There are 2 protein chains.
Amino acid sequence: MEAKEVLKQHIAKIASLTDDELSYVFSHFKPLSFKKGQSIITAGDMVDCEYFVLSGCLKSFFINDDLKMFILQFAMPTWWTSDFNALYNHTKATINVDCITDAEVLCISNSDREKLCNELHNVEHFFRWRTNKGYVAAQKRLLSFMNNNVKYRYEELLKLYPELYNIVPKNLIAAYLGVSRETLSRLYHA
Amino acid sequence: MEAKEVLKQHIAKIASLTDDELSYVFSHFKPLSFKKGQSIITAGDMVDCEYFVLSGCLKSFFINDDLKMFILQFAMPTWWTSDFNALYNHTKATINVDCITDAEVLCISNSDREKLCNELHNVEHFFRWRTNKGYVAAQKRLLSFMNNNVKYRYEELLKLYPELYNIVPKNLIAAYLGVSRETLSRLYHA
DNA sequence: GTACCTGTGTGACCTACATCACATTTGAAA
DNA sequence: TTTCAAATGTGATGTAGGTCACACAGGTAC
(Lines give C-alpha, C1' and ligand atoms only; values in the text may rest on other atoms or scores of the structure.)
Protein backbone atom coordinates (compact mmCIF):
# COMPACT_ATOMS: atom_id res chain seq x y z
CA MET A 1 0.00 0.00 0.00
CA GLU A 2 1.09 3.51 -0.73
CA ALA A 3 2.38 5.70 2.06
CA LYS A 4 -0.41 8.22 1.68
CA GLU A 5 -3.03 5.51 1.87
CA VAL A 6 -1.49 4.07 5.05
CA LEU A 7 -1.52 7.45 6.74
CA LYS A 8 -5.03 8.13 5.51
CA GLN A 9 -6.45 4.94 6.94
CA HIS A 10 -4.58 5.49 10.18
CA ILE A 11 -6.00 8.98 10.68
CA ALA A 12 -9.46 8.08 9.37
CA LYS A 13 -10.04 5.78 12.31
CA ILE A 14 -10.14 8.87 14.54
CA ALA A 15 -10.74 12.02 12.51
CA SER A 16 -12.53 12.48 9.22
CA LEU A 17 -10.58 14.54 6.72
CA THR A 18 -11.65 15.33 3.17
CA ASP A 19 -9.37 14.07 0.40
CA ASP A 20 -8.13 17.61 -0.12
CA GLU A 21 -7.33 18.03 3.53
CA LEU A 22 -5.61 14.67 3.60
CA SER A 23 -3.47 15.61 0.61
CA TYR A 24 -2.60 18.87 2.27
CA VAL A 25 -1.65 17.11 5.48
CA PHE A 26 0.32 14.46 3.62
CA SER A 27 2.31 17.12 1.76
CA HIS A 28 3.95 18.04 5.07
CA PHE A 29 5.36 14.56 5.57
CA LYS A 30 8.67 13.51 4.11
CA PRO A 31 9.22 9.81 3.25
CA LEU A 32 12.54 8.39 4.38
CA SER A 33 14.19 4.98 4.07
CA PHE A 34 16.67 3.53 6.53
CA LYS A 35 18.82 0.43 6.68
CA LYS A 36 18.96 -1.94 9.61
CA GLY A 37 21.18 -0.46 12.30
CA GLN A 38 20.95 3.12 11.06
CA SER A 39 20.42 5.84 13.62
CA ILE A 40 17.52 8.27 13.24
CA ILE A 41 17.84 10.33 16.41
CA THR A 42 21.08 10.58 18.38
CA ALA A 43 21.25 11.76 21.99
CA GLY A 44 22.79 15.21 22.18
CA ASP A 45 21.43 16.41 18.83
CA MET A 46 18.51 18.75 18.43
CA VAL A 47 15.26 16.98 17.54
CA ASP A 48 13.18 18.48 14.79
CA CYS A 49 10.81 15.71 13.69
CA GLU A 50 8.60 12.89 14.74
CA TYR A 51 8.29 9.71 12.71
CA PHE A 52 5.39 7.57 11.53
CA VAL A 53 6.47 4.02 10.73
CA LEU A 54 5.34 2.57 7.39
CA SER A 55 7.40 -0.63 7.45
CA GLY A 56 10.08 -2.25 9.57
CA CYS A 57 10.76 -1.84 13.26
CA LEU A 58 12.46 0.95 15.20
CA LYS A 59 13.46 1.26 18.80
CA SER A 60 13.68 4.34 21.00
CA PHE A 61 16.11 3.93 23.85
CA PHE A 62 18.16 5.59 26.54
CA ILE A 63 21.82 4.87 27.28
CA ASN A 64 22.91 5.56 30.85
CA ASP A 65 26.33 6.53 32.19
CA ASP A 66 27.33 2.86 32.47
CA LEU A 67 26.44 2.42 28.78
CA LYS A 68 23.47 0.27 29.73
CA MET A 69 20.57 0.48 27.30
CA PHE A 70 16.90 0.85 28.25
CA ILE A 71 14.27 0.59 25.55
CA LEU A 72 11.32 2.94 25.85
CA GLN A 73 9.38 1.70 22.87
CA PHE A 74 9.49 -0.56 19.88
CA ALA A 75 7.89 1.19 16.90
CA MET A 76 6.09 -1.05 14.42
CA PRO A 77 4.09 0.03 11.33
CA THR A 78 1.52 2.79 12.09
CA TRP A 79 3.30 3.66 15.34
CA TRP A 80 4.75 7.09 16.00
CA THR A 81 8.11 7.70 17.59
CA SER A 82 10.58 10.43 18.47
CA ASP A 83 12.17 11.95 21.54
CA PHE A 84 8.93 13.73 22.40
CA ASN A 85 10.38 15.48 25.41
CA ALA A 86 13.11 17.07 23.32
CA LEU A 87 10.74 17.69 20.43
CA TYR A 88 8.08 19.54 22.45
CA ASN A 89 10.52 21.46 24.62
CA HIS A 90 13.10 22.29 21.97
CA THR A 91 15.90 20.72 23.94
CA LYS A 92 18.62 18.30 22.94
CA ALA A 93 17.74 14.62 22.60
CA THR A 94 18.36 12.36 25.58
CA ILE A 95 16.73 9.48 23.74
CA ASN A 96 18.06 7.66 20.67
CA VAL A 97 16.01 6.15 17.88
CA ASP A 98 17.41 3.60 15.46
CA CYS A 99 16.40 0.79 13.16
CA ILE A 100 16.09 -2.82 14.27
CA THR A 101 15.25 -3.77 10.66
CA ASP A 102 15.27 -1.91 7.36
CA ALA A 103 12.51 0.66 7.68
CA GLU A 104 10.41 3.20 5.82
CA VAL A 105 8.97 6.13 7.72
CA LEU A 106 7.16 9.39 7.19
CA CYS A 107 8.63 12.30 9.06
CA ILE A 108 6.99 15.57 10.05
CA SER A 109 8.62 18.52 11.74
CA ASN A 110 7.41 19.87 15.05
CA SER A 111 6.53 23.22 13.47
CA ASP A 112 4.59 21.61 10.62
CA ARG A 113 2.61 19.49 13.07
CA GLU A 114 1.77 22.55 15.11
CA LYS A 115 0.86 24.45 11.95
CA LEU A 116 -1.47 21.66 10.80
CA CYS A 117 -3.00 21.35 14.26
CA ASN A 118 -3.68 25.03 14.19
CA GLU A 119 -5.12 25.11 10.68
CA LEU A 120 -7.23 21.95 10.89
CA HIS A 121 -9.20 21.30 14.03
CA ASN A 122 -9.54 17.63 13.01
CA VAL A 123 -5.81 17.17 12.89
CA GLU A 124 -5.48 18.57 16.38
CA HIS A 125 -8.18 16.14 17.43
CA PHE A 126 -6.24 13.27 15.93
CA PHE A 127 -3.03 14.19 17.73
CA ARG A 128 -4.83 14.64 21.01
CA TRP A 129 -6.25 11.15 20.63
CA ARG A 130 -2.86 9.74 19.71
CA THR A 131 -1.16 11.13 22.78
CA ASN A 132 -4.03 9.97 24.98
CA LYS A 133 -3.35 6.44 23.82
CA GLY A 134 0.35 6.82 24.50
CA TYR A 135 -0.25 8.27 27.94
CA VAL A 136 -2.57 5.47 28.98
CA ALA A 137 -0.15 2.86 27.63
CA ALA A 138 2.75 4.43 29.51
CA GLN A 139 0.78 4.38 32.76
CA LYS A 140 -0.14 0.75 32.25
CA ARG A 141 3.46 -0.16 31.63
CA LEU A 142 4.54 1.70 34.74
CA LEU A 143 2.01 -0.22 36.82
CA SER A 144 3.06 -3.51 35.32
CA PHE A 145 6.64 -2.64 36.15
CA MET A 146 5.83 -2.07 39.79
CA ASN A 147 3.43 -4.96 40.15
CA ASN A 148 4.66 -7.86 38.00
CA ASN A 149 7.83 -9.92 37.80
CA VAL A 150 9.94 -10.32 34.67
CA LYS A 151 8.30 -13.52 33.47
CA TYR A 152 4.84 -12.01 33.64
CA ARG A 153 5.95 -8.84 31.86
CA TYR A 154 7.68 -10.85 29.15
CA GLU A 155 4.60 -12.92 28.45
CA GLU A 156 2.38 -9.85 28.57
CA LEU A 157 4.61 -8.20 25.97
CA LEU A 158 4.54 -11.19 23.65
CA LYS A 159 0.78 -11.57 24.00
CA LEU A 160 0.33 -7.92 23.05
CA TYR A 161 2.88 -7.91 20.22
CA PRO A 162 3.57 -11.49 19.08
CA GLU A 163 5.39 -10.25 16.01
CA LEU A 164 8.22 -8.93 18.20
CA TYR A 165 9.27 -12.48 19.04
CA ASN A 166 10.57 -13.11 15.54
CA ILE A 167 11.92 -9.67 14.75
CA VAL A 168 13.59 -8.49 17.93
CA PRO A 169 16.61 -10.21 19.52
CA LYS A 170 16.24 -11.22 23.14
CA ASN A 171 18.84 -8.82 24.45
CA LEU A 172 16.64 -5.97 23.21
CA ILE A 173 13.54 -7.51 24.71
CA ALA A 174 15.47 -7.65 27.99
CA ALA A 175 16.37 -3.97 27.63
CA TYR A 176 12.66 -3.22 27.18
CA LEU A 177 11.70 -5.25 30.22
CA GLY A 178 14.43 -3.60 32.27
CA VAL A 179 16.34 -6.80 33.13
CA SER A 180 19.63 -8.36 32.11
CA ARG A 181 19.69 -10.63 29.07
CA GLU A 182 20.92 -13.45 31.33
CA THR A 183 17.85 -13.25 33.52
CA LEU A 184 15.56 -13.29 30.51
CA SER A 185 17.39 -16.30 29.09
CA ARG A 186 17.10 -18.18 32.38
CA LEU A 187 13.32 -17.74 32.48
CA TYR A 188 12.85 -20.65 30.13
CA HIS A 189 16.25 -22.35 29.86
CA ALA A 190 18.29 -22.67 33.01
CA MET B 1 -8.63 32.81 44.55
CA GLU B 2 -11.90 31.82 43.01
CA ALA B 3 -12.21 28.49 41.21
CA LYS B 4 -12.97 30.10 37.87
CA GLU B 5 -9.93 32.32 38.13
CA VAL B 6 -7.67 29.37 38.93
CA LEU B 7 -8.91 27.45 35.92
CA LYS B 8 -8.63 30.54 33.74
CA GLN B 9 -5.03 31.17 34.63
CA HIS B 10 -4.21 27.50 34.18
CA ILE B 11 -5.67 27.36 30.68
CA ALA B 12 -4.43 30.79 29.68
CA LYS B 13 -0.83 29.62 29.89
CA ILE B 14 -1.50 27.45 26.84
CA ALA B 15 -4.61 28.59 25.00
CA SER B 16 -6.19 32.03 24.79
CA LEU B 17 -9.91 32.03 25.41
CA THR B 18 -12.15 35.09 25.50
CA ASP B 19 -13.92 35.79 28.78
CA ASP B 20 -17.16 34.55 27.23
CA GLU B 21 -15.55 31.32 26.08
CA LEU B 22 -13.97 30.85 29.48
CA SER B 23 -17.34 31.34 31.19
CA TYR B 24 -18.88 28.85 28.82
CA VAL B 25 -16.14 26.32 29.48
CA PHE B 26 -16.32 26.89 33.21
CA SER B 27 -20.08 26.29 33.21
CA HIS B 28 -19.37 22.64 32.38
CA PHE B 29 -17.30 22.11 35.51
CA LYS B 30 -18.89 21.15 38.78
CA PRO B 31 -17.14 22.18 42.03
CA LEU B 32 -16.89 19.44 44.65
CA SER B 33 -15.47 19.29 48.17
CA PHE B 34 -14.04 16.20 49.82
CA LYS B 35 -12.76 15.32 53.25
CA LYS B 36 -9.42 13.68 53.95
CA GLY B 37 -9.70 9.95 53.28
CA GLN B 38 -12.80 10.20 51.07
CA SER B 39 -12.86 8.16 47.91
CA ILE B 40 -13.50 9.87 44.56
CA ILE B 41 -13.10 6.95 42.15
CA THR B 42 -13.41 3.32 43.24
CA ALA B 43 -12.09 0.39 41.20
CA GLY B 44 -14.95 -1.51 39.62
CA ASP B 45 -17.22 1.50 39.17
CA MET B 46 -17.81 3.24 35.88
CA VAL B 47 -15.80 6.44 35.48
CA ASP B 48 -17.61 9.47 34.16
CA CYS B 49 -15.43 12.43 35.06
CA GLU B 50 -11.96 13.79 35.33
CA TYR B 51 -10.92 16.14 38.12
CA PHE B 52 -8.98 19.39 38.29
CA VAL B 53 -7.52 19.99 41.75
CA LEU B 54 -8.11 23.42 43.30
CA SER B 55 -6.77 22.69 46.77
CA GLY B 56 -5.52 19.74 48.77
CA CYS B 57 -3.83 16.59 47.57
CA LEU B 58 -5.25 13.47 45.93
CA LYS B 59 -3.68 10.17 45.00
CA SER B 60 -4.52 7.82 42.16
CA PHE B 61 -3.53 4.25 42.90
CA PHE B 62 -3.88 0.61 42.01
CA ILE B 63 -4.46 -2.23 44.48
CA ASN B 64 -3.21 -5.64 43.35
CA ASP B 65 -4.49 -9.09 44.28
CA ASP B 66 -2.25 -9.16 47.38
CA LEU B 67 -3.82 -5.84 48.45
CA LYS B 68 -0.55 -4.06 47.86
CA MET B 69 -0.96 -0.44 46.79
CA PHE B 70 0.91 1.27 43.96
CA ILE B 71 0.54 5.00 43.52
CA LEU B 72 0.38 6.29 39.98
CA GLN B 73 0.19 9.96 40.75
CA PHE B 74 -0.15 12.50 43.49
CA ALA B 75 -2.45 15.30 42.37
CA MET B 76 -1.73 18.75 43.76
CA PRO B 77 -3.48 22.03 42.90
CA THR B 78 -3.77 22.64 39.11
CA TRP B 79 -3.15 18.95 38.39
CA TRP B 80 -5.67 16.77 36.63
CA THR B 81 -6.52 13.25 37.65
CA SER B 82 -8.86 10.36 36.91
CA ASP B 83 -8.69 6.79 35.69
CA PHE B 84 -8.00 7.97 32.17
CA ASN B 85 -7.95 4.49 30.72
CA ALA B 86 -11.45 3.78 32.00
CA LEU B 87 -12.64 7.28 31.17
CA TYR B 88 -11.54 7.24 27.52
CA ASN B 89 -12.54 3.64 26.87
CA HIS B 90 -15.80 3.60 28.82
CA THR B 91 -14.71 0.65 30.91
CA LYS B 92 -14.83 0.08 34.64
CA ALA B 93 -12.18 1.71 36.81
CA THR B 94 -9.10 -0.32 37.70
CA ILE B 95 -7.60 2.70 39.42
CA ASN B 96 -8.81 4.38 42.60
CA VAL B 97 -8.62 8.05 43.44
CA ASP B 98 -8.94 9.37 46.97
CA CYS B 99 -8.04 12.30 49.18
CA ILE B 100 -4.80 12.51 51.14
CA THR B 101 -6.00 15.82 52.60
CA ASP B 102 -9.28 17.74 52.48
CA ALA B 103 -9.65 18.81 48.89
CA GLU B 104 -11.61 20.99 46.51
CA VAL B 105 -11.83 19.98 42.87
CA LEU B 106 -13.59 20.87 39.65
CA CYS B 107 -15.03 17.93 37.82
CA ILE B 108 -15.95 17.62 34.17
CA SER B 109 -17.59 14.69 32.46
CA ASN B 110 -15.98 12.86 29.57
CA SER B 111 -18.82 13.84 27.25
CA ASP B 112 -18.65 17.50 28.23
CA ARG B 113 -14.91 17.57 27.65
CA GLU B 114 -15.38 16.04 24.22
CA LYS B 115 -18.19 18.47 23.47
CA LEU B 116 -16.04 21.45 24.45
CA CYS B 117 -13.07 20.11 22.49
CA ASN B 118 -15.32 19.81 19.49
CA GLU B 119 -16.90 23.25 19.84
CA LEU B 120 -13.77 25.20 20.70
CA HIS B 121 -10.58 24.46 18.84
CA ASN B 122 -8.60 26.20 21.57
CA VAL B 123 -9.92 23.87 24.22
CA GLU B 124 -8.89 20.87 22.17
CA HIS B 125 -5.46 22.47 21.85
CA PHE B 126 -5.27 22.86 25.60
CA PHE B 127 -6.15 19.24 26.27
CA ARG B 128 -3.69 18.01 23.66
CA TRP B 129 -0.98 20.00 25.38
CA ARG B 130 -2.01 18.70 28.78
CA THR B 131 -1.79 15.07 27.73
CA ASN B 132 1.53 15.69 25.99
CA LYS B 133 2.91 16.83 29.32
CA GLY B 134 1.54 13.79 31.06
CA TYR B 135 2.90 11.44 28.44
CA VAL B 136 6.40 12.88 28.61
CA ALA B 137 6.32 12.77 32.42
CA ALA B 138 5.19 9.13 32.39
CA GLN B 139 8.03 8.18 30.04
CA LYS B 140 10.54 9.96 32.23
CA ARG B 141 9.28 8.16 35.29
CA LEU B 142 9.47 4.83 33.50
CA LEU B 143 13.08 5.48 32.56
CA SER B 144 13.96 6.57 36.06
CA PHE B 145 12.38 3.37 37.32
CA MET B 146 14.56 1.22 35.11
CA ASN B 147 17.72 3.22 35.56
CA ASN B 148 17.84 4.55 39.12
CA ASN B 149 17.78 3.01 42.57
CA VAL B 150 15.28 3.88 45.26
CA LYS B 151 17.38 6.54 46.95
CA TYR B 152 17.91 8.42 43.72
CA ARG B 153 14.23 8.24 42.80
CA TYR B 154 13.21 9.43 46.26
CA GLU B 155 15.47 12.44 46.11
CA GLU B 156 14.40 13.17 42.56
CA LEU B 157 10.75 13.15 43.67
CA LEU B 158 11.40 15.49 46.60
CA LYS B 159 13.43 17.85 44.47
CA LEU B 160 10.59 18.03 41.95
CA TYR B 161 7.78 18.29 44.52
CA PRO B 162 9.22 19.42 47.88
CA GLU B 163 5.72 20.09 49.23
CA LEU B 164 5.01 16.34 49.22
CA TYR B 165 7.48 15.84 52.05
CA ASN B 166 5.21 17.55 54.57
CA ILE B 167 1.85 16.46 53.24
CA VAL B 168 2.29 12.82 52.28
CA PRO B 169 3.18 10.03 54.76
CA LYS B 170 6.21 7.94 53.94
CA ASN B 171 4.29 4.74 53.33
CA LEU B 172 2.53 6.49 50.44
CA ILE B 173 5.80 7.85 49.10
CA ALA B 174 7.07 4.27 49.18
CA ALA B 175 4.00 3.12 47.26
CA TYR B 176 4.77 5.76 44.66
CA LEU B 177 8.40 4.72 44.39
CA GLY B 178 7.40 1.07 44.16
CA VAL B 179 9.29 -0.12 47.25
CA SER B 180 8.36 -1.25 50.74
CA ARG B 181 8.01 1.37 53.45
CA GLU B 182 10.75 -0.45 55.38
CA THR B 183 13.25 0.00 52.59
CA LEU B 184 12.39 3.68 52.29
CA SER B 185 12.80 4.13 56.04
CA ARG B 186 16.19 2.40 56.00
CA LEU B 187 17.55 4.77 53.36
CA TYR B 188 18.28 7.38 55.96
CA HIS B 189 17.85 5.70 59.33
CA ALA B 190 19.12 2.13 59.67
C1' DG C 1 37.46 -21.72 3.86
C1' DT C 2 38.75 -18.63 7.78
C1' DA C 3 37.87 -15.04 10.73
C1' DC C 4 34.76 -12.50 13.11
C1' DC C 5 30.79 -10.68 15.27
C1' DT C 6 26.19 -10.99 17.20
C1' DG C 7 23.15 -13.49 19.81
C1' DT C 8 22.40 -16.80 23.26
C1' DG C 9 23.02 -20.30 27.21
C1' DT C 10 24.78 -21.21 31.85
C1' DG C 11 27.56 -21.58 36.26
C1' DA C 12 29.16 -19.00 40.50
C1' DC C 13 28.59 -15.48 43.28
C1' DC C 14 26.76 -10.80 44.91
C1' DT C 15 23.34 -7.26 46.22
C1' DA C 16 19.23 -4.60 46.64
C1' DC C 17 15.13 -5.03 48.22
C1' DA C 18 11.07 -7.83 50.21
C1' DT C 19 8.91 -9.91 54.10
C1' DC C 20 7.83 -10.77 58.82
C1' DA C 21 7.99 -9.50 63.43
C1' DC C 22 8.03 -6.33 66.90
C1' DA C 23 9.03 -1.77 69.18
C1' DT C 24 8.32 3.12 69.46
C1' DT C 25 6.45 7.63 68.32
C1' DT C 26 2.80 10.72 67.31
C1' DG C 27 -1.31 12.85 66.56
C1' DA C 28 -6.21 12.81 66.62
C1' DA C 29 -10.45 11.32 68.84
C1' DA C 30 -13.12 10.61 72.92
C1' DT D 1 -6.17 13.34 79.93
C1' DT D 2 -6.42 8.97 78.26
C1' DT D 3 -6.76 5.99 74.35
C1' DC D 4 -6.15 4.22 70.05
C1' DA D 5 -4.72 4.02 65.35
C1' DA D 6 -1.60 5.53 62.02
C1' DA D 7 3.04 6.23 60.99
C1' DT D 8 7.66 5.04 61.55
C1' DG D 9 12.12 2.53 62.95
C1' DT D 10 14.80 -1.71 62.99
C1' DG D 11 16.52 -6.63 63.33
C1' DA D 12 16.63 -11.24 61.04
C1' DT D 13 16.20 -13.68 57.09
C1' DG D 14 14.68 -14.89 52.24
C1' DT D 15 14.90 -14.18 47.15
C1' DA D 16 14.75 -12.14 42.49
C1' DG D 17 17.61 -10.49 39.67
C1' DG D 18 22.46 -8.44 38.65
C1' DT D 19 27.29 -9.17 37.35
C1' DC D 20 31.16 -11.57 35.60
C1' DA D 21 33.07 -15.20 33.17
C1' DC D 22 33.14 -18.37 29.65
C1' DA D 23 31.11 -21.47 25.99
C1' DC D 24 29.09 -22.12 21.70
C1' DA D 25 26.10 -21.54 17.54
C1' DG D 26 24.96 -19.23 13.19
C1' DG D 27 25.57 -15.70 9.89
C1' DT D 28 28.45 -12.85 6.93
C1' DA D 29 32.54 -10.41 5.20
C1' DC D 30 36.87 -11.28 3.23
Side-chain angles (χ1 to χ4, degrees), chain A residues 35-39 57 59 61-71 74 98-102 142-158 163-190, chain B residues 34-39 56-57 59 61-71 74 98-102 142-158 163-190:
Chain A
K35 288 285 168 196
K36 176 176 173 172
Q38 255 190 292
S39 179
C57 181
K59 66 178 190 283
F61 59 102
F62 174 76
I63 306 281
N64 76 2
D65 297 340
D66 303 331
L67 302 184
K68 211 163 135 178
M69 176 196 298
F70 300 95
I71 293 183
F74 295 113
D98 70 19
C99 301
I100 295 178
T101 66
D102 291 357
L142 198 53
L143 266 188
S144 188
F145 227 96
M146 294 201 270
N147 192 22
N148 304 124
N149 64 18
V150 182
K151 187 165 184 178
Y152 188 95
R153 299 201 316 270
Y154 179 56
E155 289 170 1
E156 184 179 52
L157 177 68
L158 290 185
E163 62 279 30
L164 290 179
Y165 189 83
N166 303 305
I167 296 174
V168 179
K170 296 256 166 45
N171 59 333
L172 296 185
I173 302 270
Y176 179 90
L177 297 174
V179 295
S180 68
R181 57 163 205 86
E182 292 95 329
T183 295
L184 184 61
S185 169
R186 274 188 259 263
L187 286 183
Y188 296 96
H189 289 278
Chain B
F34 294 98
K35 287 285 168 199
K36 176 176 176 172
Q38 254 190 295
S39 179
C57 181
K59 65 177 190 285
F61 59 103
F62 173 76
I63 305 282
N64 77 2
D65 298 340
D66 303 333
L67 303 183
K68 211 164 136 177
M69 175 195 298
F70 300 96
I71 293 182
F74 296 112
D98 71 18
C99 300
I100 295 178
T101 65
D102 291 358
L142 198 53
L143 266 188
S144 188
F145 228 94
M146 297 202 267
N147 192 23
N148 303 125
N149 64 18
V150 182
K151 187 165 185 179
Y152 188 94
R153 298 198 322 266
Y154 180 57
E155 288 170 0
E156 184 179 53
L157 177 69
L158 289 186
E163 61 277 32
L164 290 180
Y165 189 84
N166 303 307
I167 297 175
V168 178
K170 295 258 166 44
N171 58 333
L172 297 185
I173 302 269
Y176 178 91
L177 296 174
V179 294
S180 69
R181 57 162 204 87
E182 291 95 331
T183 296
L184 184 62
S185 168
R186 273 188 259 265
L187 286 184
Y188 295 95
H189 289 278

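Per chain, numbering begins at 1; letters A, B, ... match sequence-line order. Since this is a predicted model, take the numbers as computed values, not measurements.
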Rounded to whole Å, how long is the line connecting atom [atom1] of [X] with atom [atom2] of [N]?
X      : N      : atom1 : atom2 : answer
A:H189 : C:dG11 : NE2   : P     : 13 Å
A:F70  : D:dG18 : CZ    : C1'   : 11 Å
A:Y152 : D:dA16 : OH    : C1'   : 18 Å

ask   = Using rotation axes that map the C1' atoms of four end pairs onto the next four (five pairs an end), what angle separates the end axes of the helix from C:dG1-D:dC30 to C:dA30-D:dT1, to 10°?
value =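 For the helix from C:dG1-D:dC30 to C:dA30-D:dT1, the axes at opposite ends meet at about 40°.
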task = Indicate yes or no: does B:D102 engage B:K36 in a salt bridge with an N to O separation below 4.0 Å.
result =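 Judged by the 4.0 Å cut-off on N to carboxylate O distance, B:D102 and B:K36 do not form a salt bridge.
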inquiry  = To the closest 0.5 Å, what do you measure between OG1 (B:T101) and NZ (B:K59)?
reply    =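 B:T101 OG1 to B:K59 NZ: 10.5 Å, rounded to 0.5 Å.
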ask   = Taking atom CZ of A:F62 and atom CG of B:L143, what is their separation to the nearest 0.5 Å?
value =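 If I round to the nearest 0.5 Å, the distance is 6.5 Å.
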key: Where protein sits on nucleotides 16-30 of chain C, one letter per nucleotide: B base, S sugar-phosphate only, - none, heavy atoms under 4.0 Å   = -SSBBB---------
query = What pairs with A:F61 under ring pair (Phe, Tyr, Trp, His ring centres under 6.0 Å), at least two apart in sequence or on another chain?
reply =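 Partners of A:F61 under the ring pair (Phe, Tyr, Trp, His ring centres under 6.0 Å) test: none.
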ask   = Can you list the residues that meet the ring pair (Phe, Tyr, Trp, His ring centres under 6.0 Å) rule with B:F34, with sequence neighbours excluded?
value =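 B:F34: no ring pair (Phe, Tyr, Trp, His ring centres under 6.0 Å) contacts found.
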request  = May I ask you to check whether over 12 heavy atoms, not counting those of B:N166, lie within 6.0 Å of atom CG?
outcome  =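 Above 12, so yes.
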message = If you compare every side-chain N and O of A:N171 against the phosphate oxygens of C:dT8 (OP1, OP2), does one of them come in below 4.0 Å?
response =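 Answer yes for this pair, as a side-chain N or O of A:N171 is under 4.0 Å from OP1 or OP2.
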Enumerate, atom names and distances included, each donor-acceptor pair closer than 3.5 Å involving a side-chain atom of residues 167-180 of chain B, sequence neighbours excluded.
from   : atom 1 : to     : atom 2 : distance (Å)
B:Y176 : OH     : B:R141 : NE     : 3.4
B:S180 : OG     : B:T183 : N      : 3.2
B:S180 : OG     : B:T183 : OG1    : 3.0

message = Taking side-chain hydrogen bond (donor to acceptor under 3.5 Å, both in side chains) as the definition, give me every residue that meets it alongside A:E155, ordered by chain and number, with sequence neighbours left out.
response =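 A:E155: side-chain hydrogen bond (donor to acceptor under 3.5 Å, both in side chains) contacts with A:Y188.
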